Amino acid sequence: MRLAKLEERENFRNIWVMAEWSSGRIQPVTLELVGAARPLADARRSEVWTVVLGTGIADRQLNELIACGSDIVLVVDDPAFTNFVDETEARVLCALIEKHRPESVLCGATTRGRALIPRVAVQTNTGLTADCTQLAIDPENGNLLQTRPAFGGNLMATIYCANFRPQMATVRPRVMSARPPDASRRGRVIRGTLPTVSAAACKRVLEVFHSSEPGVNLADARFIVAGGRGVKGKEGFNLLRRFATMVGGAVGASRATVDAGWIPYAHQVGQTGQTVQSQVYLACGISGQIQHLVGMQSCDCIIAIDKNPDTSMMKLADITVVGDLFEVLPELIRQVSIT
Amino acid sequence: MRIVVCIKQVPATNDAVIDPETKRIVREGVQAILNPFDTYAIEEAVRLRARLGGGVEVLAISMGPPRAEAVLREAVALGADRGILLSHRAFGGSDTWATSYVLSQAIRTIGNVDLVICGKQAVDGDTAQVGPGIAAHLNWPQAALVSAVREVSTQHLVVVRMHEDGHDVCELSLPAVLTVVKGINVPRVPSLKGVLAARKSEIPVWTPEMIGADPAKIGLDGSPTRVVRTAPPPPRNKESLRFTGTAEVCAGGLLRELRKRSLL
């Protein structure tokens, strides 16, 4: 809501984390957000609250939220949250926000979070910053300084929301670090603060499919093995898949390979695909069009394998291998399998 | 029934120039294009019009400076029936909250709209917030990251939504808002007829008063968020490491390096 007077800021307290509930469990990004929220709350001498909307939530997971830094875990456990219905979750979250008045709300910049939180921000009449990579707080007034990449990572913008509360931000997975669990930490689980949750009548989830294809989840991957035109075809991607599976990674792709039908669109990295921020991005035969680079240039360590040492990707990369990927990748697979 | 497609004109490159005063992007003097995701939104609207049979009108709307008229003409060339430009000094500096408010007010003003389609996100801001924001302002249901429309009638839709690890299928009642991804269709190339229609098309310009917009909710002053600082991204480590030689030597060296950095 818009503050009529800045003193009204004092009516809003605590840093909230909206838990990412999917596939029947609380996802790791939640613990990363709790880790990010802890120092912000400490600076304000306030609490970290984690809100979990799910069903059949394991106590072990709720305790883990406390061990990793939450003071309060607010749980609404209801079958209405079995599948992702934006409208139901938004309505419940808005009601909780109006009741408890948090100062800030953090949510994962996941497919669910990026659909849900803009709806909540509009309905609670407040500001939202997408895909933050850095969060700081003004200890005096609680203003959240939210830094995010813009223009495909070519610019970092710092944004704040001084006259509205709560302040809302989404944060990409794997950007913040979870704190190691401390089993002696004390916290409280509050259940069922809402008497009834009525499912939205305007939407029904009919079916849910988890991809059987390995290596499709680019957002959560620590290690991405990505291919471009140099991969030469579908068979070439099988080689990338084999290595990705060995290192527990996902498979990315350039637009050209997706358009050629070598690999499904879900793997596309770049301007018209996904923006990724993995620890390792291994680019195999990707020349590095600007539209591709903007989707991956924030990865921690970029490795490029290419016969041509002068491509844009080879210039961007932290580690380069000048060579034929059809020789280097099988050799990587061989060497990893014997160690 | 009307289908509204919300589109945006974006800079053709990502070489951003920032106004030191407003901290917003300088759009003058930079070549501008239709946001790539919006071509899929336009195409899907045109296809749904055909699937629904007669009596469906496809409108493209865009908020932006006067020159954003170009993307509305492009939308007409691609099959939209007409375009409306929301352009006024008072709209300037709108963040995603204010932008989605302005677009929702335009949709209310157009009337008889049952479906709004947006691209997944604009490639300059990359927020993906405006589509769900419009749905929230209108209090309509939404489906983000739609990769297929399986069923459509004047009452409902069955759509496929992409998730990180798969997809789901959901049914929505209309009116509703969709955001669409690239995989949903293959946009057509403008036909000669379309290009001629685009050239002749009247693109009216709507102002805040014409859409009944509350002046306190638009532009820089109506926006909850504010850019306080912009800076170049932290530089990447310029010292790059290069392996050459046989595949065996390169692979060995790379694996050693990855293990040394605890990346494997």
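Chain letters run A, B, ... following the sequence lines, proteins first and then strands; every chain starts at 1. Quick caveat, the model's predicted, so the values are computed rather than measured.
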Sort B:L263 into side chain, backbone, both or neither according to what part of it lies under 4.5 angstrom from a heavy atom of chain A.
both
Checking B:S262 against chain A: side chain, backbone, both or neither under 4.5 Å from a heavy atom?
backbone
Could you have a look at A:D220, A:V208, A:I319, A:L218 and say which one has the most heavy-atom pairs with chain B under 4.5 angstrom?
A:I319
Where on A:C94 is there a heavy atom nearer than 4.5 Å to chain B: the side chain, the backbone, both, or neither?
neither
Is there side-chain contact between B:R150 and B:V160, with heavy atoms separated by less than 4.5 Å?
yes
Given the options A:A219, A:C301, A:A90, which has more heavy-atom pairs under 4.5 Å with chain B than any of the others?
A:C301
Side chain, backbone, both or neither: which part of B:K217 has a non-hydrogen atom closer than 4.5 Å to chain A?
neither
Look up atom OG1 in B:T179 and atom CZ in B:R161, then write down how far apart they are to the nearest 0.5 Å.
10.0 Å
Tell me the closest heavy-atom pair linking A:L144 and A:Y160, and the distance in Å.
O-CB, 3.4 Å
If we ignore angles and hydrogens, is there a donor and acceptor under 3.5 Å between the side chains of B:D126 and B:Q121?
yes
At a 4.5 Å cut-off on heavy atoms, which part of A:V258 comes close to chain B: side chain, backbone, both, or neither?
side chain
Answer whether the closest heavy-atom distance between the side chains of A:Q271 and A:R255 falls below 4.5 Å.
no
Looking at A:E87 and A:R91, is there a salt bridge between them, counting it only when a charged N and a carboxylate O are closer than 4.0 Å?
no
Which region of A:T133, side chain (C-beta onward) or backbone (N, CA, C, O), has a non-hydrogen atom less than 4.5 Å from a non-hydrogen atom of chain B, or is it both or neither?
neither
Most contacts with chain B, counted as non-hydrogen pairs under 4.5 angstrom, among A:L316, A:D300, A:T272
A:T272
Would you please go through residues 322-329 of chain A and name the residues with a non-hydrogen atom below 4.5 Å from one of chain B, in numerical order?
A:V322, A:E327, A:V328
CD1 (A:I303) and SG (A:C284) are apart, to the nearest 0.5 Å, by 9.0 Å
Counting only non-hydrogen atoms closer than 4.5 Å, does B:T246 touch chain A with its backbone (N, CA, C, O), its side chain (CB onward), both, or neither?
neither
Under 4.5 Å from any heavy atom of chain A, what part of B:V158 do you find: side chain, backbone, both or neither?
side chain
Picking from A:T126, A:T110, A:V280, A:L128, which has the most non-hydrogen pairs under 4.5 angstrom with chain B?
A:L128
Residue selection (most heavy-atom pairs with chain B, distance under 4.5 Å) from A:R112, A:Q335, A:Q274, A:Q279:
A:Q335
Looking only at heavy atoms, what is the nearest atom pair of B:C6 and B:C118, with distance?
CB-SG, 3.9 Å
With a 4.5 angstrom heavy-atom cut-off, could you sort out which part of B:P232 is near chain A: side chain, backbone, both or neither?
backbone
Quick one: do B:K182 and A:D259 make a salt bridge, cutoff under 4.0 Å?
yes
Closest approach of A:R165 to A:A162 (non-hydrogen atoms, all atoms of both residues)
NH1-O, 3.7 Å
Which one, B:A144, B:A98, B:P132, leads in non-hydrogen pairs under 4.5 Å with chain A?
B:P132
Hey, what do you get for NE2 (A:H210) to CG (A:N217), rounding to the nearest 0.5 Å?
11.0 Å
With a 4.5 angstrom heavy-atom cut-off, which part of A:V205 approaches chain B: side chain, backbone, both or neither?
both
Working to the nearest 0.5 Å, report the span between CG of B:L178 and CG of B:L145.
11.0 Å
Need one label for A:T129: side chain, backbone, both or neither, based on atoms under 4.5 Å from any heavy atom in chain B.
both
Which heavy atom of B:P141 sits nearest a heavy atom of B:P175, and at what distance?
CD-O, 3.2 Å
Would you name the heavy atoms of B:C250 and A:V321 that are closest together and state the gap between them?
CB-CG1, 3.5 Å
Interface moiety of A:F209 toward chain B, non-hydrogen atoms closer than 4.5 Å:
both
Top contributor to chain B interface from A:E331, A:R2, A:Q268 [non-hydrogen pairs under 4.5 Å]
A:E331
Go through B:D168, B:L255, B:L241 and name the one with the most non-hydrogen pairs under 4.5 angstrom from chain A.
B:L241
Just so I know, are the side chains of B:F37 and B:V180 near enough to count as touching, which here means a heavy-atom distance under 4.5 Å?
no
Partner chain A: residue of B:N35, B:T244, B:V181, B:I134 with the largest heavy-atom pair count (under 4.5 Å):
B:V181
Heavy-atom pairs under 4.5 Å with chain A are the metric here; pick the option from B:G183, B:G253, B:G119 that has the most.
B:G183
Which answer fits A:P309, side chain, backbone, both or neither, if we ask what part of it has an atom under 4.5 Å from a heavy atom of chain B?
both
Any salt bridge between A:K203 and A:D86, counting N to O under 4.0 Å?
yes
What's the spacing between A:F164 CZ and A:N125 CG if we round to 0.5 Å?
5.5 Å
B:L254 versus chain A, the contacting section by heavy-atom distance below 4.5 Å:
side chain
Under 4.5 Å from a heavy atom of chain B, the part of A:A121 involved
backbone
Among B:L172, B:T96, B:V130, B:D165, who wins on heavy-atom pairs under 4.5 Å with chain A?
B:D165
Heavy-atom closest pair (B:P233 atom, A:M156 atom, distance to 0.1 Å) is CA-CG, 3.5 Å
Measure the shortest side-chain to side-chain distance between A:N143 and A:Q167 over non-hydrogen atoms and say whether it is less than 4.5 angstrom.
yes
Checking heavy atoms, do the side chain of A:D131, its backbone, both or neither come under 4.5 Å from chain B?
side chain
Contact part of A:N83 toward chain B, heavy-atom cut-off under 4.5 Å: side chain, backbone, both or neither?
neither
Which portion of B:L258 sits near chain A, non-hydrogen atoms under 4.5 angstrom:
side chain
So which part of A:A115 gets closer than 4.5 Å to some heavy atom of chain B, the side chain, the backbone, both or neither?
both
If I take atom OH from residue A:Y281 and atom CD1 from residue A:I302, how far apart are they, to the nearest 0.5 angstrom?
8.5 Å
Charged N to carboxylate O under 4.0 angstrom, B:R47 versus B:E44?
no
Decide whether B:H156 and B:E171 meet the rule of one side-chain donor and one side-chain acceptor closer than 3.5 Å.
no
Under a 4.5 Å heavy-atom cutoff, which of B:Y40, B:W140, B:Y101 has the most pairs with chain A?
B:W140
Contacting region of A:Q297 [heavy-atom separation from chain B under 4.5 Å]
backbone
